> 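Before anything else, here's the structure in question.
Just so it is clear, the structure is predicted and the values come from calculations on it, not from any experiment. First listed ligand is number 1; within each ligand, the first listed atom is number 1. As a basis for the values below, the full set of heavy atoms in this structure was taken, side chains included, without hydrogen atoms, waters or symmetry mates.
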Amino acid sequence: MVDLSYVIAGSEATGGAGLQADLRTFQEFGTYGVGTVTCIVSFDPKADWGHRFVPVDPQVIADQIEAATSAYNLDVVKIGMLGTPATIDVVAEALAQQSWRHIVVDPVLICKGQEPGAALDTDTALRSQILPLATVTTPNLFEARTLAGMDDISSIDDLVEAARRIADLGPTYVLVKGGVEFPGDDAVDVLFDGKDAEVLRAPKVGDARVAGAGCTLAAAITAALAKGSSVPEAVRLAKDFTTAGIIDRISGNAPFDTVWQGAGRSPR
Ligand code: PXL
């Protein structure tokens with residue numbers, strides 16, 4: 001029987017981020033992907049590719065989770081974009097209905113281009129109801145600043161301190177991602193396990209953000225965990241997979257490139 005990976009996340013209509021990127025990643029890892037849609041994001045090409053965001057009715061989210069978890073014995077789940085406090089309530093309640101081997105939380109407080117202030121209630125609900133359930137969480141620099149309450153994260157020590165503070169909110173492992181904004185030539189991440197911090201590095205691929213990188217990374221961690229990797233192993237595999245996908249990225253008519261999950265595997 002093939003291993004199963006599950007994701008509860010938003011749809012992103014260009015396919016670069018969200019559920020679409022997650023399911024492709026699950027497939028590339030040789031796992032069978034099952035997905036629940038929480039919201040629909042449609043970028044608006046007539047308004048500077050800003051976000052049009054529509055939440056899915058909470059009951060419909062609950063129905064999808066019921067269908068997925070009844071059809072399969074799912075025990076590893078990724079939580080991506082939730083989007084509203086009502087969605088967070090229904091997802092937290094559904095997660096509590098069974099035990100999970102791993103809950104990977106990508107703490108999407110905001111999607112690129114969205115207004116920071118708009119996410120405040122969602123931020124609070126995510127922090128109190130979802131983060132404590134996480135066995136792994138994967139904040140980017142912005143999310144780490146917000147969750148850790150740190151204005152400036154610009155050194156390795158800052159990354160470790162942020163990870164420590166976020167671990168205090170409940171997750172077992174915290175992976176803080178430096179990304180392109182973090183100073184230096186490398187894409188630096190810190191994995192903190194509650195005691196020790198491991199620094200992961202890969203040379204930066206240019207200095208522009210690539211859409212879907214965070215989604216892909218967390219999905220790859222999820223799939224590797226589903227296949228039996230330890231968390232540190234899963235994180236290393238996921239970083240390699242995401243770096244390859246950024247190098248081989250997809251360009252379209254939007255002003256941002258996206259990750260190619262099939263990098264190095266199949267011809268284009
Ligand atoms: O990259 C964060 C993200 C996650 N999930 C969805 C998104 C985005 C960003 O656009 O639309 C659905």
Side-chain angles (χ1 to χ4, degrees), residues 5-26 33-45 47-58 60-61 64 77-84 86-88 90-91 104-116 118-119 122-123 125-126 130-131 134 136-147 175-181 187 189 208-222 238-239 241-242 245-246 249-261:
S5 301
Y6 183 36
V7 59
I8 300 175
S11 162
E12 190 277 272
T14 71
L19 201 73
Q20 291 86 343
D22 295 327
L23 292 174
R24 284 199 297 271
T25 302
F26 291 167
V34 178
T36 287
V37 189
T38 56
C39 59
I40 297 171
V41 172
S42 313
F43 296 136
D44 185 352
D48 207 15
W49 297 85
H51 288 55
R52 292 177 291 199
F53 164 80
V54 179
V56 171
D57 184 288
V60 177
I61 298 173
Q64 293 175 77
V77 60
K78 174 192 157 172
I79 309 297
M81 185 170 177
L82 297 176
T84 72
T87 299
I88 288 171
V90 79
V91 170
V104 179
V105 177
D106 187 9
V108 183
L109 299 178
I110 195 171
C111 41
K112 291 174 182 72
Q114 212 179 317
E115 215 186 291
T122 306
D123 170 6
L126 191 81
I130 302 290
L131 265 191
V136 190
T137 189
T138 59
N140 63 21
L141 217 50
F142 166 77
E143 291 152 355
R145 280 192 214 107
T146 309
L147 293 169
L175 180 71
V176 180
K177 303 172 293 183
V180 287
E181 283 171 50
D189 306 321
R209 300 182 70 164
V210 173
C215 301
T216 301
L217 183 92
I221 293 171
T222 306
K239 186 167 171 78
F241 179 85
T242 308
I246 292 172
R249 61 193 175 272
I250 307 279
S251 294
N253 300 320
F256 41 81
D257 292 343
T258 70
V259 177
W260 168 234
Q261 285 79 15

> Please verify whether a non-hydrogen atom of Ala213 lies at under 4.0 Å from ligand 1.
no

> Within the distance-only criterion (no hydrogens, no angle test), does the side chain of Arg209 pair as donor or acceptor with the backbone N or O of Gly179 below 3.5 angstrom?
no

> Test your reading of the structure: does His51 have an N or O sitting under 3.5 Å from an N or O of ligand 1?
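So ligand 1 has an N or O lying under 3.5 Å from an N or O of His51.
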
> Compute the minimum heavy-atom distance from Ala9 to ligand 1 and say whether it is under 4.0 Å.
no

> Using modelled atom types only, decide if a donor and an acceptor are shared between the side chain of Glu12 and the backbone of Ala17 within a distance under 3.5 Å.
yes

> Regarding atom 7 (C) of ligand 1: of the candidates Arg209, Gln20, Met81, which has the closest heavy atom?
Met81

> Out of the candidates Asp22, Thr25, Thr138, only one should pair with Lys78 under the side chain to side chain donor-acceptor pair (under 3.5 Å) rule; please name it.
Asp22

> Judged by atom type as modelled, is there a donor-acceptor pair below 3.5 Å linking the side chain of Thr122 to the main-chain atoms of Gly83?
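Yes: the side chain of Thr122 pairs with the backbone of Gly83.
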
> Going by the atom numbers of ligand 1, which of them fall below 4.0 Å from some non-hydrogen atom of Phe43?
10 (O)

> Apply side chain to side chain donor-acceptor pair (under 3.5 Å) to Thr36 and list each qualifying residue two or more places apart in sequence or on a separate chain.
Tyr6

> Has Ser42 got a side-chain atom pairing as donor or acceptor with Arg52's backbone, closer than 3.5 angstrom?
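Not confirmed, Ser42 side chain does not pair with Arg52 backbone.
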
> By number and element, which atoms of ligand 1 are closer than 4.0 Å to a non-hydrogen atom of Gly10?
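Reading through ligand 1 atom by atom, the close ones are 12 (C).
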
> Any idea which atoms of ligand 1 are less than 4.0 Å away from a heavy-atom of Cys215?
1 (O), 4 (C)

